[in-house]
> 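This structure is in structure tokens; I'll ask about it shortly.
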Amino acid sequence: MKNAARLQTIQKNILTKVFLLLFTLVSAIPLYYVLINAFKKNQYITNNPIGFPTSESFTLENVIRSWESLKYTQSLLNTVILVTISCLILVLVGSMAGFAISIINSRELKSFYVSAILIITIPFQVIMVPLVVMLNKMNLLDSYFGTSMIFVGTMLPIVIFLYTGFMRSLPKELCESAIVDGCGMFRVYFDIYFPLMKTVTGTVLIIKGTSIWNDFLVPLITISDSDKTPIIVRLYSFASVRFNSWELLFGSTFLCAIPLVIFFLFLQKSFIRGIVTGAVKG
Amino acid sequence: MSSRTTHMTTYQRSWRKKGWLFVAPAALILLWIVIFPLVSGIAYSFTDYNGLDTDISFTGLKNFSDIIKDKNFFLILKNTFVVSAIYIVLLNCMAVFLSVILMRVGKGFGNFVKSMLYIPCLIAMSIVGFIWRLLYNYSDGLINRFFRMISEKSIQDWLGNPDLVLGSTSIAIVWFALGYYMVIYCAGLMAIPVDLYEVADIEGATKWQTFRHVTLPLLAPSITINVVLSSMAILSCFDLPYVLTAGGGPGYYGTTIAISVYRLAYVSRQMGKSFAMAAILAIISMIIAAIELRILLKREVLNQ
């Protein structure tokens, strides 16, 4: 009797696994489709779109040609610059604000916090056009700094939310004993709290770093200088013109997607942890 | 104890002033990047500003009435709601279902599934748009090749048919976002104490009863978060639908408010109308956010 029941659970378990495996495989088809066709000669893409590249159909030409037309290294560097500037400012400014909000008990700071949270609900499209008009007047279009500041401004509320939530969870005694030891506010922040914030900072870097890396609309409307275009916008302008050359589309899509995927495969655990803390707190 | 309390109040008092130094950079950036453009955008929406001319005249509600009178306005509004509704329901149901059954399999296999489903989130939405545009392609796309094997009649023009384009768009966005939301639900499920399931088991509850009366109520916080996150994200979602439908086609059948704001501003250069459209988007998302945040903040208070 007991054995029969156990057998049934095992069978059910296998069914669940088979279902999950099938689901995963089906949803991986688009990825597989891009991956294999990036390395196939054009006529094989149309004749046999899901076949694995053979010695006959394999080619590196799609990737090499896409690399050249995307100006890959340069546009990748542009993306890296944008992500770095934005993340540095986000982490510094966000953690400072979160620190003050969580440590100091004052009505003004609380209302600042609430208004910052309300900003999360404003869709970017609402401020998009006036923002570009303003940055244009300030000569900050086509500059890494101007574009980064848009990312910083729109993402800051969530980052403040994350840091505040984390610092509220730390014991109050931590700050109090530091004060008794004679630490000033800046020292409490830099020497005691900042090193403790590694996990939240990791979350911020992962969540916001990927969304800045992948953002399309902000650089599209702020950067027209082709030497400063990040990779995603470059792919868009390239692909809209050459939408009929599928082999180049596969090659360039592959090139654009691969850096973050590799990054993820190395840092899977931190990514998953980052999303969970990010979502539970914000 | 009392001396300690006084000490703390003194530091509170002196730090209250210094605290502004810590908040000032954030406050200034928000004023500069968000509040100022927001206010000027609202102001511009009552003028005939076109982005170039310096002489601007006040036109009252003309932009708004122009938009509402536009024969495509209600179509665009309907599109936004349809895409959002399909997306929010499909995404959250699938993510809950998958994460619940993921709890039943071993950790190693579970992590493999999670990672595989998470990879699409790492690809830029605009790239996902291109990938799905290839998949949906009428003559050579993978999806129609599959349906052609079943029967020639079952193939569809996924992006060209006005009845299908919104569904096709939603499915592509669900494919992109599923892994992210699933990870959040999995974390929520992990937090449910195991003994509750043991009790349910002893009481002889069926799988469905356990899900309905144990899992679902205890997963409610994650559901609230995910519904809020996904509805905010979809209302202003631009990249993927724009690329997938090649700018909101066919005609206006694939155009959402987010696409329309961009098109009015940068394609047809009708800045005033674009501002007004953006203001409408803001009102819609604020109403939805207000309803949802109310629930969220109430819970946050209860937890403290």
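Quantities reported herein were computed from a predicted structural model and do not represent experimental measurements. First the proteins, then the strands, lettered A, B, ... as listed; each starts at 1. All values below were derived from every heavy atom in this structure, side-chain atoms included, with hydrogens, water molecules and symmetry-related copies excluded.
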> Take the angle between the ring planes of A:Trp246 and A:Phe250 and call it parallel below 30°, perpendicular above 60°, tilted in between.
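The arrangement is perpendicular - the two ring planes meet at more than 60°.
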> Tell me which of these, B:Gly41, B:Ser115, B:Ser40, has more heavy-atom pairs under 4.5 Å with chain A than the rest.
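Most heavy-atom pairs under 4.5 Å with chain A: B:Ser115.
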> Would a 4.5 Å heavy-atom cut-off, applied to side chains only, mark A:Asn37 and A:Tyr32 as touching?
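When only atoms from C-beta onward are counted, A:Tyr32 and A:Asn37 do not touch, as no gap falls below 4.5 Å.
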> CG/B:Leu281 to OG1/B:Thr256 distance, rounded to the nearest 0.5 angstrom?
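If I round to the nearest 0.5 Å, the distance is 8.5 Å.
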> Shorter than 4.5 Å, heavy atoms on both sides: which option in A:Gly94, A:Ala97, A:Pro130 has the most such pairs with chain B?
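Option with the top pair count is A:Pro130.
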> Using a 4.5 angstrom heavy-atom cutoff, name the option from B:Leu142, B:Leu98, B:Val113 with the most pairs to chain A.
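If we count pairs closer than 4.5 Å to chain A, B:Leu142 comes out on top.
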> Which answer fits A:Gln125, side chain, backbone, both or neither, if we ask what part of it has an atom under 4.5 Å from a heavy atom of chain B?
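Both parts, heavy atoms under 4.5 Å.
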> With only heavy atoms counted, which part of A:Met149 is less than 4.5 Å from chain B, the side chain, the backbone, both or neither?
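For A:Met149, the contact with chain B is made by backbone and side chain together.
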> Is the B:Phe22 ring parallel, tilted or perpendicular to the A:Tyr189 ring (thresholds 30°, 60°)?
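Aromatic pair B:Phe22/A:Tyr189 classed perpendicular.
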> Which one, B:Ala27, B:Ser274, B:Ala279, leads in non-hydrogen pairs under 4.5 Å with chain A?
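Most heavy-atom pairs within the cutoff with chain A belong to B:Ala27.
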> Looking at A:Ser211 and A:Met155, what are the two nearest heavy atoms and their distance?
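The pair with the smallest heavy-atom distance is OG-CE, 3.6 Å.
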> Below 30° counts as parallel, above 60° as perpendicular, anything between as tilted: where do the rings of B:Phe97 and A:Phe19 land?
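Ring orientation of B:Phe97 relative to A:Phe19: perpendicular.
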> Under 4.5 Å, counting heavy-atom pairs only, tell me which of A:Val34, A:Ile221, A:Ile150, A:Val152 racks up the most with chain B.
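Highest number of pairs under 4.5 Å: A:Ile221.
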> Any idea which of A:Ala257, A:Pro157, A:Ser240, A:Ala239 has the most non-hydrogen atom pairs under 4.5 angstrom with chain B?
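It is A:Ala239.
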> So which part of B:Leu235 gets closer than 4.5 Å to some heavy atom of chain A, the side chain, the backbone, both or neither?
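Neither part.
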> Checking A:Ile89 against chain B: side chain, backbone, both or neither under 4.5 Å from a heavy atom?
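Just its side chain gets close to chain B.
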> Would you say CZ of B:Arg148 has more than 12 non-hydrogen atoms from neighbouring residues, nucleotides or ligands within 6.0 angstrom?
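More than 12 within 6.0 Å, yes.
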> Is there side-chain contact between A:Phe186 and B:Leu21, with heavy atoms separated by less than 4.5 Å?
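Yes, close enough: below the 4.5 Å cut-off.
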> Using a cut-off of under 4.5 Å for heavy-atom pairs, which of B:Trp20, B:Tyr181, B:Phe275, B:Phe36 has the most such pairs with chain A?
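Most heavy-atom pairs within the cutoff with chain A belong to B:Phe275.
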> Between chain A and each of B:Val261, B:Ile35, B:Asp239, B:Ile123, count heavy-atom pairs under 4.5 Å; write down the option with the most.
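Maximum pair count with chain A is reached by B:Asp239.
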> Chain B: which of A:Ile122, A:Leu25, A:Thr210 shares the most heavy-atom pairs with it under 4.5 Å?
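Going by pairs under 4.5 Å, I would pick A:Ile122.
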> For A:Leu135, is it the side chain, the backbone, both or neither that has a heavy atom under 4.5 Å from a heavy atom of chain B?
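A:Leu135 touches chain B through side-chain heavy atoms alone.
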> Checking heavy atoms, do the side chain of B:Trp132, its backbone, both or neither come under 4.5 Å from chain A?
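Only the side chain of B:Trp132 comes within 4.5 Å of chain A.
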> So which part of A:Leu260 gets closer than 4.5 Å to some heavy atom of chain B, the side chain, the backbone, both or neither?
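Both the backbone and the side chain of A:Leu260 come within 4.5 Å of chain B.
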> Can you measure from CG (B:Leu244) to CG (B:Leu159) and round to the nearest 0.5 angstrom?
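Output value for this atom pair is 5.0 Å.
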> Which atoms of A:Tyr33 are under 4.5 Å from chain B, going by heavy atoms: the side chain, the backbone, both sets, or neither?
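When you check distances to chain B, only side chain atoms of A:Tyr33 fall under 4.5 Å.
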> So which part of B:Met94 gets closer than 4.5 Å to some heavy atom of chain A, the side chain, the backbone, both or neither?
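Just its side chain gets close to chain A.
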> Chain B: which of A:Asn136, A:Val129, A:Val261 shares the most heavy-atom pairs with it under 4.5 Å?
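Sorted descending by pairs with chain B, the first entry is A:Val129.
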> Kindly give the heavy-atom pair with the smallest separation between A:Asn214 and B:Leu122, and that separation in Å.
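Heavy atoms only, the tightest pair is ND2-O, 3.0 Å.
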> At their closest point, which heavy atom of B:Asn137 faces which heavy atom of B:Asn144, and how far apart are they?
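The answer is O-ND2, 3.8 Å.
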> Give, as side chain, backbone, both or neither, the part of A:Leu249 having an atom under 4.5 angstrom from any heavy atom of chain B.
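When you check distances to chain B, only side chain atoms of A:Leu249 fall under 4.5 Å.
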> Kindly say whether A:Ser102 contributes a backbone atom to a donor-acceptor pair with the side chain of A:Arg168 at under 3.5 angstrom?
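Checking the backbone N and O of A:Ser102 against the side chain of A:Arg168, no donor-acceptor pair under 3.5 Å is found.
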> Kindly indicate, with the supporting measurements, whether the criterion side-chain contact (heavy atoms from CB on, under 4.5 Å) is fulfilled by A:Leu220 and B:Tyr266.
CA-CA 11 Å; A:Leu220 179 71; B:Tyr266 293 106; over 6 Å; no
> Counting only heavy atoms closer than 4.5 Å, note whether A:Val26 contacts chain B via side chain, backbone, both or neither.
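The answer is neither part of A:Val26.
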> With a 4.5 angstrom heavy-atom cut-off, is it the side chain or the backbone of A:Leu131 that approaches chain B, or both, or neither?
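Both parts, backbone and side chain.
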> With respect to chain B, which residue among A:Thr253, A:Leu21, A:Leu217 yields the maximal number of heavy-atom pairs within a distance under 4.5 Å?
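Option with the top pair count is A:Leu217.
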> So for B:Cys121, is it side chain, backbone, both, or neither that comes closer than 4.5 Å to the heavy atoms of chain A?
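Just the backbone, heavy atoms under 4.5 Å.
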> With respect to chain A, which residue among B:Ile101, B:Val128, B:Leu134, B:Leu30 yields the maximal number of heavy-atom pairs within a distance under 4.5 Å?
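The candidate making the most pairs under 4.5 Å is B:Leu134.
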> Got a donor-acceptor contact below 3.5 angstrom from the B:Arg145 side chain to the B:Asp140 backbone?
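Flag set: sc B:Arg145 to bb B:Asp140 pair under 3.5 Å.
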> Please flag which part of A:Val159 lies under 4.5 Å from any non-hydrogen atom of chain B: side chain, backbone, both or neither.
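Neither part.
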> Hey, is the main chain of B:Leu264 close enough, under 3.5 Å, to the side chain of B:Arg269 for a donor-acceptor pair?
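No, because the side chain of B:Arg269 does not come within donor-acceptor range (under 3.5 Å) of the backbone of B:Leu264.
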> Would you mind checking which part of A:Leu15 comes under 4.5 Å of any heavy atom in chain B, side chain (CB onward), backbone (N, CA, C, O), both or neither?
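Neither the backbone nor the side chain of A:Leu15 comes within 4.5 Å of chain B.
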> Counting only heavy atoms closer than 4.5 Å, note whether A:Ile231 contacts chain B via side chain, backbone, both or neither.
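Neither part.
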> Side chain, backbone, both or neither: which part of A:Tyr236 has a heavy atom under 4.5 Å from chain B?
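Answer is both: backbone and side chain atoms of A:Tyr236 are under 4.5 Å from chain B.
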> Contact part of A:Ile29 toward chain B, heavy-atom cut-off under 4.5 Å: side chain, backbone, both or neither?
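Interface part for A:Ile29: side chain.
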> Should the pair A:Phe271 and A:Phe263 be assigned to parallel (<30°), tilted (30 to 60°) or perpendicular (>60°) ring geometry?
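Because their plane-to-plane angle is over 60°, the rings of A:Phe271 and A:Phe263 count as perpendicular.
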> Check whether any side-chain N or O of A:Ser106 sits under 3.5 Å from a backbone N or O of A:Leu109 as a donor-acceptor pair, and report yes or no.
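Side chain of A:Ser106 to backbone of A:Leu109: a pair is present.
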